[in-house]
Amino acid sequence: MTHLWVRAESRDNEARVGIMPQGVAELIRQGMRVTVEDSRQRIVPTADYATAGATIEAEGSWTDAPADALIFGLKELPTDGTPLRHTHIMFGHAYKGQPDGRVLLDRFKVGGGRLLDLEYLTEEGGRRVAAFGYWAGYAGAAVSLMCWMAQQQGKIMGPVRAVPSRAHLLADLQGDLVRIGTQRPTALIIGALGRVGTGAADLCRDMGVATTLWDTAETAGGGPFPETLQHDLFLNCILARPGTPVFVPASAKVADRKLSVIGDIACDPDSDFSPIKVYDRVTTWDAPALRVHDAPPLDVTAIDNLPSLMPLESSQDFADQLLPHLATPASDVWARASALFDRATA
């Protein structure tokens, strides 16, 4: 019997979850055993999982789970260096040259465990079977707009917090824009036809932000791309990978530009292939804007768990996409992710 162990997220401001109570009930109906850890911050109450039939365990108890349990979470594990003996389903951020990713893979090698990276659960053609991308794009564009509004008031953006719903977010943004009395900014979106870009474009449309939408056809020439400096906002919605062109070079800081906010929604500054060369670290919920140049201002927002700004809607969407694959743990989707781990640790 497959045993799925849903761990609590340990990082601050991470209220998302990869499976809803209805999904737990369905897996149990199909013969799977499901354990769910209690959580202080998960958007879905623990009691709802208990009602669905899950066994409830203490937060962080996955380290003592049976050896054959599949440990399922979303974001990173505690960085305590301990060997990892289980198979983990999570976003590992370990296959694109990130320093922390190498450390994570070494922990698996020492402990004998395995990583099944959610980012690399794909169909045969390479399309991901489940992603938070739409909500990352939507929330990322919202944060970038907040950053731009703070600049119009001579400020650096302050902390962000989760919102109850999309409607609440839009009402807050609209009220802030009316209060500062400025025209809307313009935005250039890279990767506009993907999940992330679609979400970013939808937020811009909802807020009346004029957008230039670029995808592979517009960027096939490989650059340089002076157009990025001719918009107020630049929203990066493409994953860093070999061959990704540079859209914002280091020289952009001192260039003649209209650009004042970079929303690196894909958020992979540690990667050698990052298309944005003016910053080198993620930003946080408490300090979402990193000022990389003062006059004129240039701020970067690069929060790596943006969908948790809208935790309920993003969790529901992701869980609906992933559930059919959780119910078939022997499928080719999982086999491809397992083979990728083998190659990375060979």
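Only heavy atoms go into these numbers, but all of them, side chains included; no hydrogens, no water, no symmetry mates. All of these numbers come straight from a predicted model, not from anything done at the bench.
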Within the structure provided, determine whether Ile276 and Pro269 are in side-chain contact (heavy-atom separation under 4.5 Å). no
Taking atom types as modelled, find out whether Asp286 and Thr284 have a side-chain donor-acceptor pair closer than 3.5 angstrom. no
With a cut-off of 3.5 Å and sequence neighbours excluded, list every side-chain donor-acceptor pair involving residues 60-71.
{"from": "Ser61", "atom 1": "OG", "to": "Ala58", "atom 2": "O", "distance (Å)": "2.6"}

Do Lys109 and Asp106 sit within salt-bridge range, that is, some charged N less than 4.0 Å from a carboxylate O? no
By the side chain to side chain donor-acceptor pair (under 3.5 Å) test, which pairs, at least two apart or in different chains, include something from residues 45-54? Asp38-Thr46
Side-chain donor-acceptor pairs under 3.5 Å in residues 140-152, sequence neighbours left out?
{"from": "Ser144", "atom 1": "OG", "to": "Gly140", "atom 2": "O", "distance (Å)": "3.0"}
{"from": "Gln151", "atom 1": "OE1", "to": "Ser260", "atom 2": "OG", "distance (Å)": "2.8"}
{"from": "Gln151", "atom 1": "NE2", "to": "Ser260", "atom 2": "O", "distance (Å)": "2.8"}
{"from": "Gln151", "atom 1": "NE2", "to": "Asp299", "atom 2": "OD2", "distance (Å)": "3.0"}
{"from": "Gln152", "atom 1": "NE2", "to": "Trp148", "atom 2": "O", "distance (Å)": "3.1"}

According to a 4.5 Å side-chain heavy-atom criterion applied to Ile, Leu, Val, Met, Phe, Trp and Tyr, with indirect links allowed, do Leu213 and Val209 form part of one hydrophobic cluster? yes
Between Lys75 and Asp12, is there a side-chain N and carboxylate O pair less than 4.0 Å apart? no
Can you confirm whether Glu313 sits close enough to Arg166 that some side-chain heavy atom of one is under 4.5 Å from a side-chain heavy atom of the other? yes
Solution key, residues 118-131 side-chain donor-acceptor pairs under 3.5 Å, sequence neighbours excluded:
{"from": "Glu119", "atom 1": "OE2", "to": "Lys96", "atom 2": "NZ", "distance (Å)": "3.4"}
{"from": "Arg128", "atom 1": "NE", "to": "Glu119", "atom 2": "O", "distance (Å)": "3.4"}

Keeping Ser315 on the side-chain end and Val17 on the backbone end, is there a donor-acceptor pair under 3.5 Å? yes
Salt bridge (charged side-chain N to carboxylate O under 4.0 Å, His left out) contacts touching residues 181-205 (sequence neighbours left out): Asp202-Arg205
Can the ring centres of Phe318 and Trp135 be said to be less than 6.0 Å apart? no
Are Phe72 and His88 close enough that their ring centers fall under 6.0 Å? no
Short N-O contact, Glu59 and Arg40, less than 4.0 angstrom: yes
Scan residues 225-243 for pairs that pass salt bridge (charged side-chain N to carboxylate O under 4.0 Å, His left out), counting only residues two or more places apart or in two chains. Asp232-Lys258
